[in-house]
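Input: a single structure, listed below in structure tokens.
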Amino acid sequence: MVRRIGELHQSWDAQRFGLRSDMLVPHRQWLSERAVDPRSVFVVAEADAVENRPLVAYLVGSVEPEIPIYWQPETAWIHDLWVDEAYRHEGVGRQMTMLAIERFTRLGIAQIRLHTAAANAEARALFSSCGFRPCVVEMMTMTNAAPSDGARR
Ligand SMILES: CC(C)(COP(=O)(O)OP(=O)(O)OC[C@H]1O[C@@H](n2cnc3c(N)ncnc32)[C@H](O)[C@@H]1OP(=O)(O)O)[C@@H](O)C(=O)NCCC(=O)NCCS
């Protein structure tokens with residue numbers, strides 16, 4: 001699911017969402033940390049909790065510090081939400097988003113943010129139906145600088 005959400009974004013905009021070939025290695029580490037971090041939200045949905053327990057969806061979010069000019073000392077971010085194609089349009093995405101809002105509220109977080117790709121009208125419809133509104137348009141350009149060591153992998 002992590003690879004598929006990454007590849008979907010890369011297919012929309014390879015400059016903005018270009019993936020490292022070893023992306024699953026650092027992401028596994030980062031997800032493992034989220035799973036035990038009491039101030040992160042990591043929700044999964046299973047199709048059948050009794051038998052095969054196939055995973056059909058996941059959402060991951062964390063609390064991040066804000067730069068000190070804003071009244072919010074920290075904000076929550078929803079980083080990833082993926083629902084398996086066979087389970088879409090059944091309300092799973094909305095249920096997981098509302099659960100994340102509920103958990104961040106219980107953590108005392110007053111503001112939740114997320115990014116959506118410009119091409120991702122479906123996700124914007126989902127998040128709008130959960131109470132989110134557009135507030136920033138990210139702009140990007142590429143320079144002639146050689147990629148750093150980290151970006152060259
Ligand atoms: C976006 C995504 C998470 C939606 O999951 P889902 O389980 O199908 O969403 P839900 O069934 O809960 O839909 C909730 C609402 O979102 C909107 N929505 C969802 N899919 C939509 C679509 N294809 N077109 C228009 N609106 C859509 C609707 O408002 C819907 O409400 P409704 O069913 O009452 O009309 C899923 O399509 C997905 O995994 N996409 C690929 C990954 C991605 O884009 N992730 C989000 C960005 S990080």
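In this text, all values refer to a predicted model and were calculated from it rather than measured experimentally. Every number for a ligand or one of its atoms is a count from 1 in the order of the listing. Throughout, numbering of the chain's residues begins at 1 and tracks the sequence.
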For atom 41 (C) of ligand 1, closest protein heavy-atom neighbour | Arg88 NH2, 3.4 Å

Hphob cluster co-occupancy, Leu24 + Trp82, side-chain heavy atoms under 4.5 angstrom = yes

Identity and separation of the nearest protein heavy atom to atom 11 (O) of ligand 1 | Gly91 N, 2.8 Å

Distance from atom 43 (C) of ligand 1 to nearest protein heavy atom, with residue and atom | Leu81 O, 3.6 Å

Is Asn120 in contact with ligand 1, taking contact as a heavy-atom separation below 4.0 Å?
-> yes

So which bit of Glu90 gets within less than 4.0 Å of ligand 1, heavy atoms only: side chain, backbone, both or neither?
-> backbone

Side chains of Val63 and Thr75 in contact at under 4.5 Å (non-hydrogen atoms) = no

Taking atom 7 (O) of ligand 1 as the reference point, the nearest protein heavy atom with its distance | Gly93 N, 2.8 Å

For the pair Arg39 and Glu74, find out whether any cationic side-chain nitrogen is under 4.0 Å from an anionic carboxylate oxygen.
-> yes

For ligand 1, which atoms sit closer than 4.0 Å to a heavy atom of Trp82?
-> 39 (O), 41 (C), 42 (C)

Geometric N/O contact Leu8 with ligand 1, under 3.5 angstrom | no

Do any nitrogen or oxygen atoms of Ala123 come within less than 3.5 Å of a nitrogen or oxygen of ligand 1?
-> no

Ligand 1 and Asp80, any nitrogen or oxygen pair closer than 3.5 angstrom?
-> no

For a side-chain contact (heavy atoms from CB on, under 4.5 Å) with Tyr58, tell me which candidate from Leu81, Val2, Val43 qualifies.
-> Val2

Distance under 6.0 Å and angle within 45° of ring axis: Arg28 vs Trp30 = no

For atom 22 (C) of ligand 1, what is the nearest protein heavy atom, given as residue, atom name and distance?
-> Glu122 CG, 3.2 Å

With a 4.5 Å limit on heavy-atom distance, are the side chains of Arg94 and Ser129 in contact?
-> yes

Are Glu122 and Arg88 close enough for a salt bridge, meaning some N to O gap below 4.0 Å?
-> no

Starting from atom 21 (C) of ligand 1, find the nearest protein heavy-atom neighbour and note its residue, name and distance.
-> His89 CE1, 3.6 Å

From the list Phe17, Phe132, Trp77, Phe127, ring-ring contact (aromatic ring centres under 6.0 Å, His included) with His115 holds only for Trp77

State whether the shortest distance between N or O atoms of Ile5 and N or O atoms of ligand 1 falls below 3.5 angstrom.
-> no

same_hphob_cluster(Val41, Leu99) at 4.5 Å side-chain heavy-atom cutoff | yes

Pair Glu64-Ser62, side-chain donor/acceptor within less than 3.5 Å = yes

Could you tell me the residue and atom name of the protein heavy atom closest to atom 4 (C) of ligand 1, and the distance to it rounded to 0.1 Å?
-> Leu126 CD2, 3.8 Å

Atom 29 (O) of ligand 1 [closest protein heavy-atom partner, distance rounded to 0.1 Å] | Ala125 O, 3.8 Å

Mind checking whether Val83 has an N or O less than 3.5 Å away from an N or O of ligand 1?
-> yes

So, Arg20 and Asp22, do they make that salt bridge, N to O below 4.0 Å?
-> yes

For ligand 1, is there an N or O atom under 3.5 Å from any N or O atom of Arg94?
-> yes

